[in-house]
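Let me begin by presenting the structure, written as structure tokens, before commenting on it.
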Amino acid sequence: MFRTSTNTTPPAAHLKTLCWSQLDPGGGRFWVAQNMFRVSVSPPALLWGNDVLLSCSVTPRPDVASFNWKLNDGPLDPQIRTSSDGASVSLKASLRLSGNWTCEVTSGGREGRASAALTVRGILQPSKEDVRFYAAVGSVGSLPCIFSPGLKPSGSLWEKLKPGSLFQPAVDRLPASFSSSSSPAQLPWDKSARVDPVGLEDGGRYRCSASVEGQRLARNMKLVVAKIVQTKEKGSVTLSCHLSDTSEVTEYDWLQVTFDPNGTESARSVLKGKTVRMSQESEQNQWTCRFYGKEGILGNITHRAQLMAGLTGHSSSSGQSQNMAALVGLGLLLLVLLLVLAQMYKNHRRRKQIFQYPALETIVHSISNEREQKERSRVKT
């Protein structure tokens, strides 16, 4: 049996005093041996990409001892290198290596252990290279670039990379809808960006980089754009779910959303697959394509036929209003023409009636002239 006690040490090292007690078969007495176990991390302050050395020391050191390392109580990746005697580990610091490192020492059937915490600072999100982020056409696409709290990254830069070599990719032009400006509420270690709205051509690889404590840190990620393609045939509609990158996708399904007269929404999973075919009546419901990877759902995109139908109806109503106004205007024009024609007809009738009695007009004119002459004669006399 053994008993351990922990001494106070700096965060980069962990000391344990291990007391082994064993029954002496000869005299029935106990003997006690003490050993000092220590796990140290060098350098103590780590940035992503730094070289780091973890050492396990035992004082006094047994003549024969075996060493075994664990990370967060699990076995080490076989690719991690250890020294010939197993007492030390050298590696490149990365976020996946953060955690509790434990050194187990076995000697003569006895075992002791000591641990130390390894904290690596750098870009926390995305936590690894080429993480994919999914966005639908017309939506807001988020591209996170979040450093460890307390870091002060400077000279941050976003780039879109052209397809090609992964080691020295050419830089492409950022989308016009790309924005990386920091808001007052944004933390100084948050250098995230977004694309609003997302276009089909905005998919591809992006790189976020910044300088931290004299070291340039960078992370590549990928924006995957989703789009629903609609094909109409006689009496039916086909919807297909298209993604600019399907390397992570293992499964698709379609969710039909309906609304009752009270506006209550109900959803049911209808079909599995990348493509779904339906009647034109069924297409009036809301359809959502969901796509999955090995670890669960990756994203979704919704086809809102009702909204499209509403826009079409609005356009049709507007067209009908315009047609009605044109008809009213044409009717007024015809009414004016009819009034003009009626007045012209009346004038024509009046002239015709006068021309039917030319002699009567002459007689009346003669009588009038005679009366004027008689009046003039009377005045002279």
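Because the structure is predicted, anything quoted here is derived from the model rather than measured. We count residues from 1, following the sequence as given.
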Original post:
Between D253, V249, I297, which is the residue that forms a side-chain contact (heavy atoms from CB on, under 4.5 Å) with F291?
Top reply: V249
Subject >> Distance (rounded to the nearest 0.5 Å) between E295 CD and E248 CD >> reply: 8.5 Å
Original post:
Do L143 and L157 sit in the same hydrophobic cluster, where Ile, Leu, Val, Met, Phe, Trp and Tyr count as joined when their side-chain heavy atoms come under 4.5 Å apart?
Top reply: no
Original post:
Same hydrophobic cluster for L223 and L243, using side-chain heavy-atom links shorter than 4.5 Å among ILVMFWY?
Top reply: no
**OP:** Evaluate whether atom CZ of R194 has more than 12 neighbouring non-hydrogen atoms of other residues, nucleotides or ligands under 6.0 angstrom away.
**Re:** no
Subject >> Crowding at NZ, K274 (>12 non-hydrogen neighbours, <6.0 Å) >> reply: yes
**OP:** Determine the minimum heavy-atom distance between F147 and P153, stating which atoms define it.
**Re:** CD1-CG, 3.9 Å
Subject >> Working for side chain to side chain contact (heavy atoms under 4.5 Å, CB included), residues Q230 and H303 >> reply: CA-CA 9 Å; Q230 177 184 8; H303 174 74; 3.6 Å; yes
**OP:** May I ask you to test the T275-T238 pair for a side-chain heavy-atom distance under 4.5 Å?
**Re:** yes
Original post:
E213 versus L47: any side-chain heavy-atom pair under 4.5 Å?
Top reply: yes
**OP:** Assess whether side chain to side chain contact (heavy atoms under 4.5 Å, CB included) is satisfied between L151 and R121, documenting all intermediate values.
**Re:** CA-CA 8 Å; L151 293 182; R121 299 180 304 162; 3.3 Å; yes
Original post:
Can you get from I228 to V225 by hopping between Ile, Leu, Val, Met, Phe, Trp and Tyr side chains that sit under 4.5 Å apart?
Top reply: no
Original post:
Is there a donor-acceptor contact under 3.5 Å from the side chain of S236 to the main chain of E233?
Top reply: no
Original post:
How many angstroms lie between CG in L255 and CG in L271, if you round to the nearest 0.5 Å?
Top reply: 11.0 Å
**OP:** Applying side chain to side chain contact (heavy atoms under 4.5 Å, CB included), run through V105 and C56 and close with a yes or a no.
**Re:** CA-CA 9 Å; V105 183; C56 182; 3.9 Å; yes
**OP:** For residues K92 and L97, report the shortest heavy-atom separation together with the two atoms involved.
**Re:** O-CD1, 3.3 Å
Original post:
Can you tell me how far the CG atom of L46 sits from the CG atom of L118, to the nearest 0.5 Å?
Top reply: 5.5 Å
Subject >> cation_pi(R219, W48) dist<6.0 Å, angle<=45 >> reply: yes
Subject >> Single-linkage hydrophobic cluster, 4.5 Å side-chain cutoff, V137 and Y206 together >> reply: yes
Subject >> Which residues share a side chain to side chain donor-acceptor pair (under 3.5 Å) with Q125, sequence neighbours left out >> reply: none
**OP:** Determine whether F133 and V224 make a side-chain contact, defined as any pair of heavy atoms from C-beta on separated by less than 4.5 Å.
**Re:** no
**OP:** Apply salt bridge (Lys or Arg N to Asp or Glu O under 4.0 Å) to E201 and list each qualifying residue two or more places apart in sequence or on a separate chain.
**Re:** none
**OP:** Can you measure from CZ (R113) to NZ (K70) and round to the nearest 0.5 angstrom?
**Re:** 6.0 Å
Original post:
Taking side chain as C-beta onward, heavy atoms only, is I146 less than 4.5 Å from S192?
Top reply: yes
Original post:
With a 4.5 Å limit on heavy-atom distance, are the side chains of V140 and P197 in contact?
Top reply: no
For residues 334-341, which side-chain N or O atoms pair as donor and acceptor with protein atoms under 3.5 Å away, sequence neighbours left out?
none

Original post:
With sequence neighbours left out, which residue pairs that include part of residues 187-245 fulfil the disulfide (SG to SG under 2.5 Å) condition?
Top reply: C145-C208, C241-C289
Subject >> Y134 side, atom OH; I301 side, atom CD1 - distance, nearest 0.5 Å >> reply: 13.5 Å
Original post:
Are L76 and W101 side-chain neighbours, meaning at least one heavy-atom pair lies under 4.5 Å?
Top reply: yes
**OP:** Please report the shortest heavy-atom distance between A136 and V198, naming the atom on each side.
**Re:** O-CB, 3.7 Å
**OP:** Locate the shortest heavy-atom distance separating R132 from D130; write the atom from each residue and the value.
**Re:** NH1-O, 3.3 Å
**OP:** Give a yes or no answer on whether the side chain of T250 reaches the backbone of Y292 with a donor-acceptor pair at less than 3.5 Å.
**Re:** yes
**OP:** Kindly work out whether a path of hydrophobic side-chain contacts (I/L/V/M/F/W/Y, heavy atoms less than 4.5 Å apart) joins L53 to F67.
**Re:** no
**OP:** Check the side chains of T302 and T288 for a donor-acceptor pair under 3.5 angstrom, ignoring hydrogens and angles.
**Re:** yes
**OP:** Examine distances only and state if a side-chain atom of S211 and a backbone atom of Q215 form a donor-acceptor pair shorter than 3.5 Å.
**Re:** no
Original post:
After noting the C-alpha distance and the side-chain angles of S55 and S88, does the key distance pass the side-chain hydrogen bond (donor to acceptor under 3.5 Å, both in side chains) rule?
Top reply: CA-CA 4 Å; S55 301; S88 62; 5.2 Å; no
**OP:** Specify the closest pair of heavy atoms between L217 and G122, including all atoms of both residues, with the distance to one decimal.
**Re:** CD1-CA, 3.9 Å
**OP:** Go through the steps to decide whether R216 and S209 satisfy the test side-chain hydrogen bond (donor to acceptor under 3.5 Å, both in side chains), and finish with yes or no.
**Re:** CA-CA 7 Å; R216 194 73 182 175; S209 61; 3.1 Å; yes
**OP:** State, to 0.1 Å, how close S98 and L71 come at their nearest heavy-atom pair, and which atoms those are.
**Re:** O-CD1, 4.2 Å
Original post:
Which residues pass the salt bridge (Lys or Arg N to Asp or Glu O under 4.0 Å) test with K222, sequence neighbours left out?
Top reply: D245
**OP:** May I ask you to test the L161-D172 pair for a side-chain heavy-atom distance under 4.5 Å?
**Re:** no
Original post:
Backbone N or O of G273 within a donor-acceptor pair of the W254 side chain at under 3.5 Å?
Top reply: yes
**OP:** May I have all residue pairs that pass side-chain hydrogen bond (donor to acceptor under 3.5 Å, both in side chains) and include part of residues 145-160, sequence neighbours excluded?
**Re:** E159-R207
Subject >> D202 side, atom CG; F178 side, atom CZ - distance, nearest 0.5 Å >> reply: 10.5 Å
Subject >> Any side-chain heavy-atom pair of S180 and L174 under 4.5 Å >> reply: no
Subject >> S115 side chain to T102 side chain, donor-acceptor N/O pair below 3.5 angstrom >> reply: yes
Original post:
Is there a side chain to side chain contact (heavy atoms under 4.5 Å, CB included) between L239 and V229 once you walk through the steps?
Top reply: CA-CA 6 Å; L239 301 179; V229 177; over 6 Å; no
